[in-house]
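Okay, so here's the structure we're looking at.
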Amino acid sequence: MKRKKKRLVPVLCLAVLAVLAYARWVEPSFIRTGRYSVTAQLSVEPCRVVFFSDTHFGKNYSGEKASAVAKAVNACEPDIVIFGGDLLDNYARDKYELDLDLICEAFASIEAPGGKFAVWGNHDYGGGASRIYEDVMAAGGFRVLNDESVLLEQYGVRVVGYDDTLMGRTAPSLYELHSGEFLIVAAHEPEVSLQLSGAEDALVLSGHTHGGQVNLPVLTERLLPPGSGPFRKGFYPAGSKDGQQYSTYVTSGLGTTQIPLRFLAVPEIVEITIVPGAQNA
Ligand SMILES: [Fe+2]
């Protein structure tokens with residue numbers, strides 16, 4: 001019995017080391033493309049939206065990776081591109097080693113005839129990041145929607161972007177939506193989805209959770225950051241979580257924060273095709 005235990009210990013140590021090495025150097029380097037289709041119950045022209053979020057550029061996700069992200073986005077041939085916030089991880093810590101020009105150039109190379117939009121994340125506020133966030137995104141051709149919306153007439157959809165709910169200043173009354181068009185709502189924290197009402201049909205796009213970032217049984221659910229609500233990652237049909245009114249996609253994002261590890265939360269961009277419902281087709 002003792003001999004078996006003795007043999008088991010080094011095997012377990014090796015297994016833990018292998019998982020750590022995978023979580024540190026393998027999984028964070030992936031960029032997966034998730035593909036989904038959403039049926040709008042309002043009249044829309046079919047369009048392809050690419051959503052990406054939580055790059056957390058900094059010492060653990062260098063600006064050099066921005067070009068790979070841009071290539072993955074362009075490979076989807078999007079009509080509309082939306083960035084969900086947390087561009088930078090910790091600007092005060094990383095500003096001297098971070099090459100913002102690389103990020104601007106890469107983002108500027110993203111092509112989307114319907115437009116490129118972004119919202120604020122909580123990390124875009126801290127450590128002086130709030131002074132540069134909108135400028136970096138603008139240099140990359142992204143319009144930051146701060147409690148604003150834009151009607152894209154060619155597709156019959158309206159893109160709504162909210163300020164970050166943890167660090168920003170969105171009046172709760174703004175979560176009451178008014179629109180006759182299909183809405184694509186971008187809000188960094190997915191908990192916002194529970195507060196939205198008033199629209200006939202909408203798709204909510206959020207990030208923030210990093211899909212748990214390091215997924216361990218029981219523990220991860222308890223360690224999700226404030227603002228996550230009941231969401232972790234993936235597609236949540238309308239009404240599936242605490243009665244949220246609109247379909248919600250929560251992306252795992254791309255970079256890391258706190259610890260440079262990812263486990264069972266593969267970095268991703270998301271391609272969502274909006275198609276008209278049967279009665280509108
Ligand atoms: Fe984040």
Side-chain angles (χ1 to χ4, degrees), residues 23-24 27-32 34 50-63 65-66 69 72-73 81-95 98 100 103 107 117-130 132-134 136-137 140 142 144-146 161-168 170 185-193 204-215 220-234 236 248-270:
R24 175 67 182 91
E27 188 165 310
S29 66
F30 293 152
I31 300 180
R32 157 190 183 267
V50 169
F51 177 56
F52 71 109
S53 188
D54 295 84
T55 44
H56 286 263
F57 287 118
K59 69 173 185 175
N60 293 316
Y61 203 77
S62 89
K65 294 195 173 174
V69 174
V73 173
V81 172
I82 298 175
F83 175 68
D86 278 5
L87 177 77
L88 308 166
D89 188 40
N90 182 334
Y91 186 60
R93 181 195 65 199
D94 300 331
K95 60 184 164 189
L98 192 57
L100 293 176
I103 299 168
F107 280 15
F117 305 95
V119 290
W120 286 80
N122 51 315
H123 282 254
D124 301 318
Y125 274 97
S130 60
I132 61 153
Y133 176 62
E134 286 195 327
V136 171
M137 295 312 294
F142 282 73
V144 178
L145 298 176
N146 199 350
Y162 283 109
D163 195 0
D164 182 78
T165 193
L166 296 176
M167 305 292 284
T170 303
V185 180
H188 183 66
E189 286 88 2
E191 195 172 43
V192 168
S193 183
V204 184
L205 301 174
S206 290
H208 186 57
T209 63
H210 300 191
Q213 195 170 304
V214 175
N215 282 284
T220 304
E221 291 290 349
R222 295 182 179 179
L223 294 177
L224 288 174
S228 302
F231 305 100
R232 175 156 53 166
K233 66 173 173 177
Y236 297 84
T248 300
Y249 190 87
V250 182
T251 178
S252 298
L254 288 153
T256 59
T257 193
Q258 307 288 351
I259 51 171
L261 303 177
R262 270 189 181 260
F263 184 61
L264 305 181
V266 174
E268 65 171 7
I269 64 166
V270 190

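If you read the sequence from its start, that first residue is 1, and numbering goes on from there. When a ligand or atom number is given, it counts from 1 through the structure's own listing order.
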Partners of K95 by side-chain contact (heavy atoms from CB on, under 4.5 Å), sequence neighbours excluded?
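Result, side-chain contact (heavy atoms from CB on, under 4.5 Å) vs K95: Y91.
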For D54 and H208, run side-chain hydrogen bond (donor to acceptor under 3.5 Å, both in side chains): C-alpha distance rounded to whole Å, both residues' side-chain angles, the deciding distance at 0.1 Å, then the answer.
CA-CA 7 Å; D54 295 84; H208 186 57; 5.3 Å; no
Check S53 against G207 and note the closest heavy-atom contact, atom names and distance.
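Where S53 meets G207 most closely, the heavy atoms are OG-CA, 4.0 Å.
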Identify the two heavy atoms, one from Y133 and one from A118, that lie closest to each other, and give their separation to 0.1 Å.
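Minimum heavy-atom contact is OH-CB, 3.8 Å.
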Any idea how many protein N, O or S atoms are nearer than 2.8 Å to the Fe ion (ligand 1)?
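If we list every protein N, O or S atom nearer than 2.8 Å to the Fe ion (ligand 1), we get 4.
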With a 4.0 Å cut-off, would you call E27 and R262 a salt bridge?
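Salt bridge between E27 and R262, a charged N being under 4.0 Å from a carboxylate O: no.
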Between Y249 and Y236, does the ring centroid distance fall short of 6.0 Å?
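No, they do not, as the ring centres are separated by 6.0 Å or more.
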